[in-house]
Amino acid sequence: MTMDDLYQEIILDHYRRPKNRAPALDGEDVHVHHSNPLCGDELDLRLRVRDGRIDGLVFDGEGCSISQASASAMTDAVLERDLDDALELAEDFRLLMHGTPATRPDDLRDGVVFEGVARFPVRVKCALLGWMAVRDAIETYLAGASDHAVTYDD
Amino acid sequence: MTMDDLYQEIILDHYRRPKNRAPALDGEDVHVHHSNPLCGDELDLRLRVRDGRIDGLVFDGEGCSISQASASAMTDAVLERDLDDALELAEDFRLLMHGTPATRPDDLRDGVVFEGVARFPVRVKCALLGWMAVRDAIETYLAGASDHAVTYDD
Amino acid sequence: MTIDVATVRKQYPTLQQEVDGRRLVYLDSAASSQTPEAVLDAMDGYYRRLRANVERGVYRLSEEATARYEASRHRLAAFVGAPSPDGVVFTRNVTEAINLVAYSWVRRRLGPGDAVLTTAMEHHANFVPWWHAAQDTGVELRVVPVREDFHLDVEAMGHLLADGRVRFLALGHVSNVLGTINPLSELIALARAANPEVVVLVDGAQAVPHLPVDVAALDVDFYGITGHKMLGPTGIGALIAKPERLEQMPPFLTGGSMILDVSAEHVVWNHPPHRFEAGTPMIAEAFGLHAACDVLDELGMDVVRAHERELVATFLDALGAADGVTVYGPTDPEQRSGAISFAVDGVHPHDLGAMLDSYGVCIRVGHHCAKPLMRWLGVNATARASLYVYNDVDDLAPLLEGIEAARRFFAR
Amino acid sequence: MTIDVATVRKQYPTLQQEVDGRRLVYLDSAASSQTPEAVLDAMDGYYRRLRANVERGVYRLSEEATARYEASRHRLAAFVGAPSPDGVVFTRNVTEAINLVAYSWVRRRLGPGDAVLTTAMEHHANFVPWWHAAQDTGVELRVVPVREDFHLDVEAMGHLLADGRVRFLALGHVSNVLGTINPLSELIALARAANPEVVVLVDGAQAVPHLPVDVAALDVDFYGITGHKMLGPTGIGALIAKPERLEQMPPFLTGGSMILDVSAEHVVWNHPPHRFEAGTPMIAEAFGLHAACDVLDELGMDVVRAHERELVATFLDALGAADGVTVYGPTDPEQRSGAISFAVDGVHPHDLGAMLDSYGVCIRVGHHCAKPLMRWLGVNATARASLYVYNDVDDLAPLLEGIEAARRFFAR
Ligand SMILES: Cc1ncc(COP(=O)(O)O)c(C=O)c1O
Ligand SMILES: Cc1ncc(COP(=O)(O)O)c(C=O)c1O
């Protein structure tokens, strides 16, 4: 296990030049805040839904390269998807982090390169942060609410 | 360390034919009850004082051979002594149990044969029970009381 | 399958020793068991290769130590059929496991008008915490008596439950003095019939080392375990709980690892089981306990039980036939484990213990931390010989020899 | 006298390992120290020769194990200058030692109108127990702030004490994040001036491994210690107390060994320290802690301190000169120990930790169980390198190399 197993070039690209990173979103329907207090990772995710589709999605936050890059790759993979579809994809990513091969590698887009993180148990939480946040945002939306905060344990 | 180091013939004699063992004492001034709950040793000691002297002393109780024999030997050694003198002798025995040679071996009488018990730490409490009881009885008497109970820890 | 004791014994360094030229005969496993090489190796592996703190390191030593520490939790959960690894809280010993429940459940939820039911057969570890909690809270402590046949008095228990005020039942699985195996399902059903909401804790200290145990099947809320009696190291035990019970409980010990966030204004507790593991845990000990579960499972708990049942039958027959020996405990080997309490006429247990020691035989004497039971037996102390996987019929002769020698020695 | 690090290192099996062909550089002793052979041997000696329960056996194994267990208590008392071995209570770790006081002193004696004073520099182990007790009792929790120079704000502390309602002071001896050595005598005198009856607890987790400590001279009521940071095993720590304080306290955990008598009607608690050691203790661990005290005394605590002071000066100079590195903590080596927290511009501590791991360097990253302090520093996490007897100047180069590599790797 070397630095390169963990930090693929694509991951570093997302970290250095994140996609859909912004502190606000026009017409936002839901805002969730997720954190891994034991790592010090913090993430704000804002979601806009139109016709059951993810119409807008931005993240903001502070944390290690893995958490920030994974959130960036996540936004890229789920934007424009139906809510149900996005939830399914988030589950696919979660299983990937627990060692199960992805069933929809193409749809995960750059998310697949995080596969190697599964071998670094303490970093799995970091990679999951964005995906768990989008899942929560969708569920919060479906429940009719607009705000939610979640704190993970170690 | 063999059985014979611990159980000298004199000790077994005191155990089989204890001296001054009785459930009551005419004209008793003080009665104390001491126990080692962790061993299950129990001892009742009754004291009669005349002119600052131990005029009567009997013990009763239940326990291992060491505790019963030591109480028997103790009564033999302190009967007829002045209270102060008996207290001193009890201290001599206590030190003996902690490995210090006796300063008054002759006065301790059969008490000296318990010297070997010092090498069996868990049995020291047993050998001390009678001596601690007589000390307590005298101190209880000197304090003007007539009854006292003490429970030892392990 | 049976146990090949000669092979097993080779795994226990202490048993290779001689005492005054005699083979060491260890008959005190109910107090603490011997430790096999595999358990020592597991701890050594931690100290020599993976020595680091757990739960928060980002370097490999710590990551691997953490993964193995958590693997021990899974291993123990599997070994006792815990409902979930999330319901396995590591503690120092079973005493701490029981106190955790006394503080975070009983003291937090019960009060005047409620009753806690325990039994006269318990080890102090499953008696004093309830007594103490009762003092603090005004809860009533009720005690199921013991019958002449050394079983719990089920009828009396029914009466103690009748008013429906018993909200907590604390029960030993196997008595450390009498060897009695309590009919848990029957007793728990009785309590639940009187109050379906009753919360049940079982002290499994003497059961898990000796019987196949399936905590989920028993359907108890809490089950306590201690490592040093099941071939494991000192310094580790566990509380096995239904995860939903733990969710309902505030923490007991607080500090590092059991919180998510802290400021002067607010604290966010971590989720179970971490909520109940404050500070640096018993890391090496968890590695050792993992190995102990492996050793027992390799033998097979059914086989362990069968071995002990046969052995205890042999010992009971021989002691019953010996002059001046009285055994306290059920006579049917089906209903008891291998802890055998007895008295020898005219010989105080302490003196007996010393004599047996001179024969290289290790037994326990005293009240065995079961004073309420001693009161009921009407004695201050008993002698106790207890059996385990490394004991065999060849351990009987030295025991009988020492007993007979003591009888002669102390005869008046 | 100085430390011959090359010789010392040979005693630590973990440090003989390589990681990806590089020497393992262990800079995380503030989390947990490595364990020398002597400590492993002492525990092995127990498991292989004396394996038996303690405190009540009448056979030789148990008698000797008991004598050695109690000898460990004396050894630790001597090592830290405890007022008396009767004031040494063995616990799992310092977290439990502090909780013992939170339950058996603070919760039992303090109530609304009283205040507990702690500091913003504490490890959660010396913060959350007071927060929790305050929640339960209505006691007020007050927190001494930290100054810009990484020392406690003595002036603010004076104000917090002014109304005389502070009845309990809980103070760390050495900060695990900043390395700050607190001027205990001065701070305690301040508290006693405001209320002569104030009871003082000091968290010595980071002091006892690194400095000569004399608890009696400090004249504190309670002093907490943890074994795994002072070359000892996991699973053992201690509360050092004035014996008269322990006498005044009801027990915390209850069960076997800590009582004299038990019935349904009454319980007689044992005397301290046994009153506070319920159930089977950490026997092997006590043997190991004894050996750890021996190892440290053989080096000499003055020498240990001098070695670390010199080393920390070297590390501070180098880190201060490195590009993009910010150190949090006092700059004067006289006022600090060898725990060095720092940040690297543009590199999240987690990423730094992973990079250093690839260089074989073990450091800790995160909040170090000191969230209140992290809030004050205005960060979510820091990186921390910490030093001990087996560290030397040759550990500096790999650290700097890894930091520089991380800076390049993560540069945007
Ligand atoms: C200052 C301080 N206090 C308390 C603790 C907690 O120690 P333990 O986890 O051994 O209880 C630590 C160690 O993490 C510490 O550094
Ligand atoms: C039935 C029972 N419960 C509880 C205990 C206490 O175990 P520990 O001392 O490991 O907490 C024992 C052992 O002494 C026991 O036999």
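In this text the structure is predicted, and so the values were computed from the model without any measurement. Naming convention: chains lettered A, B, ... in sequence-line order (proteins, then strands); numbering from 1 in each chain.
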Taking side chain as everything from C-beta outward and backbone as N, CA, C, O, which of these in [X] sits under 4.5 Å from a heavy atom of chain C? Side chain, backbone, both or neither.
X: D:Trp376; answer: neither
X: D:Gln17; answer: side chain
X: D:Arg384; answer: neither
X: D:Met374; answer: neither
X: D:Tyr12; answer: neither
X: D:Val19; answer: side chain
X: D:Ile363; answer: backbone
X: D:Arg49; answer: both
X: D:Gln135; answer: neither

Name the member of [options] that forms the most heavy-atom pairs with chain D at distances under 4.5 Å.
options: C:Ala52, C:Gly360, C:Ala120, C:Pro129; result: C:Pro129
options: C:Thr226, C:Asp136, C:Thr91; result: C:Asp136
options: C:Val143, C:Val267, C:Ile283, C:Leu141; result: C:Val267
options: C:Ala31, C:Gly235, C:Cys362; result: C:Cys362
options: C:Ser29, C:Pro233, C:Gly366; result: C:Pro233
options: C:Ala286, C:Pro349, C:Cys369; result: C:Cys369

Hey, are [Y] and [X] close enough side-chain-wise for a donor-acceptor pair under 3.5 Å?
X: D:Glu122; Y: D:Thr119; result: yes
X: C:His228; Y: C:Ser32; result: yes
X: C:Thr14; Y: D:Arg51; result: no

Leading residue by heavy atom contact count with chain C [cutoff under 4.5 Å; candidates [options]]:
options: D:Thr234, D:Asp28, D:Thr95, D:Val128; result: D:Thr234
options: D:Met43, D:Gln16, D:Glu37; result: D:Glu37
options: D:Ala354, D:Gly353, D:Ala370, D:Gly256; result: D:Gly256
options: D:Asn126, D:Leu50, D:Ile236, D:Leu61; result: D:Leu61
options: D:Asp261, D:Asn93, D:Val262; result: D:Val262
options: D:Leu15, D:Thr118, D:Leu100, D:Leu253; result: D:Leu253

Salt bridge present between [X] and [Y] (N-O < 4.0 angstrom):
X: D:Arg92; Y: C:Glu285; answer: no
X: D:Arg22; Y: D:Asp357; answer: no
X: D:Arg48; Y: D:Asp41; answer: no

Note to self: C:Leu356 and side-chain contact (heavy atoms from CB on, under 4.5 Å): which single residue from C:Leu27, C:Val365, C:Val361, C:Val25 fits?
What the structure shows: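 So the option named by the test is C:Val361.
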Margin query: Minimum heavy-atom separation for C:Ser62 and C:Asn53, please, with both atom names.
Written below: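 Distance-wise, the nearest heavy atoms are OG-O, 2.8 Å.
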Note to self: Between C:Thr35 and C:Leu40, does the side chain to side chain contact (heavy atoms under 4.5 Å, CB included) criterion hold? Intermediate values first, please.
What the structure shows: CA-CA 7 Å; C:Thr35 319; C:Leu40 301 179; 3.9 Å; yes
How are the rings of [X] and [Y] set to each other: parallel, tilted or perpendicular (split at 30° and 60°)?
X: C:Tyr69; Y: C:Phe90; value: tilted
X: C:Trp131; Y: D:Trp269; value: perpendicular
X: C:Tyr59; Y: D:Tyr26; value: perpendicular

Notebook entry, point to check: Between D:His367 and D:His124, does the ring centre distance come in under 6.0 Å?
Noted result: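 For D:His367 and D:His124, the ring centres are under 6.0 Å apart.
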